[in-house]
Amino acid sequence: MKELEQLENHVEISLKHIRATKSQQSFDQLLELKRKEQKLQDVNKDLRKKIQETSAESVLQMFCQDGPSGSSGHANQANQQQHVHPDCDPSLPETEECHTRTACV
């Protein structure tokens, strides 16, 4: 009978060890997944920012090249004098000022 109790204790100890190991592995996997999630969220944020910047640049370039719709003569002037405003020149660094302007001339 004593031998059976020892065997039962040994099995319980082994099971506790296995469960602890499995819990640690699950915890480590969870941490790794959270790190990957954060990294993907950061990449996603950067990509969204680039999309917004690209969209803003495209709108600004269209505005600078074509002029605002409905303005008389401004479209022709913008086409003849493209990139008169220094911030409308794509070779120059973009500034916040050009985004807030109503005209690029």
Side-chain angles (χ1 to χ4, degrees):
M1 196 59 143
K2 187 166 180 134
E3 200 174 301
L4 187 58
E5 286 176 5
Q6 287 177 345
L7 185 59
E8 186 179 353
N9 285 338
H10 182 66
V11 168
E12 284 181 27
I13 290 170
S14 295
L15 279 173
K16 285 180 183 179
H17 178 69
I18 290 169
R19 287 183 184 131
T21 302
K22 183 169 177 154
S23 292
Q24 184 62 46
Q25 288 174 344
S26 295
F27 182 73
D28 292 344
Q29 186 179 24
L30 179 65
L31 287 178
E32 182 62 26
L33 288 171
K34 286 186 180 239
R35 277 190 282 259
K36 286 181 181 180
E37 178 186 28
Q38 184 61 49
K39 187 175 182 178
L40 287 171
Q41 287 176 345
D42 292 343
V43 168
N44 195 16
K45 182 180 174 184
D46 291 342
L47 289 173
R48 285 180 191 271
K49 186 177 178 182
K50 285 181 183 179
I51 288 171
Q52 286 178 343
E53 289 172 356
T54 302
S55 296
E57 287 174 6
S58 296
V59 169
L60 183 61
Q61 285 180 351
M62 287 185 339
F63 183 81
C64 291
Q65 291 173 357
D66 299 334
S69 61
S71 67
S72 59
H74 183 15
N76 289 337
Q77 181 184 10
N79 284 333
Q80 292 170 359
Q81 300 176 354
Q82 286 183 343
H83 306 299
V84 193
H85 188 276
D87 292 329
C88 293
D89 187 347
S91 66
L92 296 176
E94 184 179 317
T95 65
E96 187 78 16
E97 179 183 348
C98 193
H99 288 294
T100 59
R101 290 190 179 269
T102 57
C104 292
V105 290

S.K.: Side-chain contact, heavy-atom cut-off 4.5 Å: I51 with S55?
M.R.: yes
S.K.: Does the pair E5 and N9 meet the rule for a side chain to side chain donor-acceptor pair (under 3.5 Å), with working shown?
M.R.: CA-CA 6 Å; E5 286 176 5; N9 285 338; over 6 Å; no
S.K.: Look at E32 together with R35 and state whether they make a salt bridge at an N to O cut-off of under 4.0 Å.
M.R.: yes
S.K.: Rounded at 0.5 Å granularity, tell me how far CG in L33 sits from OG in S26.
M.R.: 10.5 Å
S.K.: Is the closest side-chain heavy-atom distance between E53 and K49 below 4.5 Å?
M.R.: yes
S.K.: Would you find more than 12 non-hydrogen atoms of other residues, nucleotides or ligands less than 6.0 Å from E12 atom CD?
M.R.: yes
S.K.: Using links of under 4.5 Å between side-chain heavy atoms of ILVMFWY residues, direct or through other members, which residues join L47 in one cluster?
M.R.: V43
S.K.: Roughly how far, to the nearest 0.5 Å, is the OG1 atom of T54 from the CD atom of Q52?
M.R.: 10.0 Å
S.K.: Go through the side-chain N and O atoms of D42 and Q38 and say whether any donor and acceptor fall under 3.5 Å apart.
M.R.: yes
S.K.: Using a side-chain heavy atom cutoff under 4.5 Å and only I, L, V, M, F, W and Y, what cluster partners does V11 have?
M.R.: L15
S.K.: Would you say the side chain of I13 lies within less than 4.5 Å of the side chain of H17, judging by non-hydrogen atoms?
M.R.: no
